[in-house]
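As structure tokens, the structure follows; a few thoughts come after it.
Along the sequence shown, residues carry numbers from 1. Computed from heavy atoms alone, side chains included, the values below leave out hydrogens, waters and symmetry copies. Bear in mind the structure is a predicted one, so any value in this text is a computation, not a measurement.
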Amino acid sequence: MTKQIQIAIDGPAAAGKSTIAKKTAELLGYTYVDTGAMYRAITYKAIQLNINLQDGEKLTNLLEQTTIELKPSATGQLVYLDGVEVTEQIRSTQVTSSVSEVAAHANLRTEMVKRQIEMGKDGSIVMDGRDIGTHVLINAELKIFMSASVEERANRRLLDNQQRGIKTSLETLIEEISLRDKMDSEREASPLIQAEDAIFIDTTSLTIEEVSEKIMQLAKERIA
Ligand code: DC
């Protein structure tokens, strides 16, 4: 029988994690879990309910009463919040600029991590985020830490946004991404950090195909 492994992909905002993780999962026939979408979903709900995003206790209580489901579809992963599809809504500029604040609360993270560990427990999983290799799939057979220069990440996000009809400037994106990097890396509760046993890939001058090939090669070695 083929070995069913866990693959953890971490890195800063807009490093190309989700594109690569999705592709890897597809090629291996594995389940893909976008953990950033889970933090975005609870942020979206909190904004709708006008909850103070600095109130970690309230946000954790809210999460405990919330279901977040990720379902694969022909057009990509769909996100359901309490049974309602919110895939597009969670990508809004408002959610994007507020999510790091919500994700900084330690108790809320504990609840998220518990759910993610459960999702990954049977293997055959590719999960991306900021703390997957360090707190969620800590025994993953393959851990990747992906990054790229801020300028390159902002450029990729600009193209992404253009395709989705969202208007932004490169300068604004550079500022936004730098701020999110800072908040995600400097927070006390499981900050963005490379796991000791993770393999670092700088994607600045690599194409999606090149990164994907590299990761598939590593995955096949672990599965064999
Ligand atoms: O990957 P993304 O941009 O959709 O993630 C949104 C935010 O969620 C990001 O600013 C940091 C946070 N996040 C996190 O703290 N831990 C994760 N495992 C995934 C995302």
So CZ of F145 and OG1 of T134: to nearest 0.5 Å the spacing works out to 9.0 Å
Are V136 and Y39 linked, directly or through other ILVMFWY residues, by side chains that come within less than 4.5 angstrom of each other? yes
Does R157 reach the main-chain N or O of D160 with its side chain, forming a donor-acceptor pair under 3.5 Å? no
Checking side-chain contact (heavy atoms from CB on, under 4.5 Å) for the pair K214/I199: CA distance, chi angles, key distance, verdict? CA-CA 11 Å; K214 220 175 227 210; I199 295 166; over 6 Å; no
For R187 and L192 the tightest heavy-atom approach is NH2-N, 4.3 Å
On a heavy-atom basis, which atom in H105 and which in L53 lie closest, and how many Å separate them? NE2-O, 2.8 Å
Provide the closest heavy-atom pair for A148 versus D202 in the form atom of the first, atom of the second, distance. CA-OD1, 3.8 Å
Going by an N to O cut-off under 4.0 Å, is there a salt bridge joining E118 and R115? no
Compare all side-chain heavy atoms of S178 with those of E175 and state whether any distance is below 4.5 angstrom. no
Run D82 and Q65 through side-chain contact (heavy atoms from CB on, under 4.5 Å) and show every step you take. CA-CA 9 Å; D82 297 322; Q65 298 153 28; over 6 Å; no
Does a side chain donor of either R91 or T96 reach within less than 3.5 Å of an acceptor in the other side chain? no
Got a salt bridge between K143 and D10, using NZ or NE/NH1/NH2 to carboxylate O under 4.0 Å? no
Heavy atoms of P12 and S147 approach each other most closely as CG-OG, 3.4 Å
Assess whether a salt bridge exists between D131 and R109, defined as any Lys/Arg side-chain N lying under 4.0 Å from an Asp/Glu carboxylate O. yes
Distance-only donor-acceptor pairs under 3.5 Å for side chains of residues 163-170, two or more places apart:
residue, atom, partner, partner atom, Å
T168, OG1, N161, ND2, 3.1
S169, OG, T172, N, 3.2
S169, OG, T172, OG1, 2.6

In short, A37 meets V79 closest at the heavy-atom pair CB-CG2, 3.9 Å
One should read off an interatomic distance between L137 CG and M119 CE, to the nearest 0.5 angstrom, of 11.0 Å
Under 3.5 Å, is there a donor on one side chain and an acceptor on the other for D128 and S18? no
Evaluate whether atom CD of E69 has more than 12 neighbouring non-hydrogen atoms of other residues, nucleotides or ligands under 6.0 angstrom away. yes
In this structure, are over 12 heavy atoms from other groups packed under 6.0 Å from Q94 atom CD? no
Considering residues, nucleotides and ligands other than E196, do more than 12 of their heavy atoms fall under 6.0 Å from its CD? no
Nearest 0.5 angstrom please: L63 CG to K58 NZ, how far? 15.5 Å
Do the non-hydrogen side-chain atoms of T31 and L70 ever get within less than 4.5 Å of each other? no
Do any N or O atoms from the side chain of R222 and from the backbone of E141 form a donor-acceptor pair under 3.5 angstrom? yes
Would you please test Q194 and M146 for side-chain contact (heavy atoms from CB on, under 4.5 Å) and show each step? CA-CA 9 Å; Q194 182 177 342; M146 273 173 61; over 6 Å; no
Main-chain N/O of E210 paired to E213 side chain as donor or acceptor, under 3.5 Å: no
Count the heavy atoms belonging to other residues, nucleotides or ligands that lie under 6.0 Å from CD of E188, then report whether that count exceeds 12. no
Same cluster (ILVMFWY, side-chain, under 4.5 Å), L81 and L78: no
Give a yes or no on whether I125 and I215 share a hydrophobic cluster (residues Ile, Leu, Val, Met, Phe, Trp, Tyr; joining criterion: side-chain heavy atoms under 4.5 Å apart). no
Main chain of T93, side chain of S97: is a donor-acceptor contact present, judged purely on distance under 3.5 Å? yes
Taking the side chain as everything from C-beta on, heavy atoms only, tell me whether Q54 gets closer than 4.5 Å to E101. yes
Side chain proximity check, T110 to T60, heavy atoms < 4.5 angstrom: no
Taking a hydrophobic cluster as the set of Ile, Leu, Val, Met, Phe, Trp and Tyr residues connected by side-chain heavy atoms closer than 4.5 Å, whether directly or through intermediates, do I51 and I68 fall within one such cluster? yes
Interatomic spacing from CG in L108 to CD in E111 - rounded to 0.5 Å: 8.0 Å
Do I5 and Y30 touch side chain to side chain, with heavy atoms closer than 4.5 Å? yes
If you count the non-hydrogen atoms of other residues, nucleotides and ligands that lie under 6.0 Å from CD1 in I193, is the total more than 12? no
Where is the tightest heavy-atom contact between G129 and T35, given as atom of each residue plus distance? CA-OG1, 3.3 Å
Would the distance check show the side chain of R153 and the main-chain N or O of A14 forming a donor-acceptor pair, the cut-off being under 3.5 Å? no
I'd like to know if the side chain of R156 pairs up with that of T203 as donor and acceptor (distance under 3.5 Å, no hydrogens or angles considered). yes
Is the side chain of R40 donor-acceptor paired with the backbone N or O of I90 at a distance under 3.5 Å, no angle test? yes
Are the side chains of T24 and M216 in touch, meaning some heavy atoms are under 4.5 Å apart? yes
As an exercise, state the distance from CD of E171 to CG of L158, rounded to the nearest 0.5 Å. 9.5 Å
With no hydrogens and no angle check, is any side-chain donor or acceptor of Q6 less than 3.5 Å from a backbone partner on V126? no
Does any part of the side chain of S212, heavy atoms only, come nearer than 4.5 Å to the side chain of L27, both counted from C-beta? yes
Looking at K23 and E26, does any basic side-chain N land under 4.0 Å from a carboxylate oxygen? no
Within one Ile-Leu-Val-Met-Phe-Trp-Tyr cluster: L173 and L179, side-chain cutoff 4.5 Å: no
Can a donor-acceptor pair be found between the side chains of T87 and E85 at a distance below 3.5 Å? yes
Between CG of L59 and OG1 of T43, what distance do you get to the nearest 0.5 Å? 8.0 Å
Indicate yes or no: at least one non-hydrogen side-chain atom of K71 is less than 4.5 angstrom from one of Q77. no
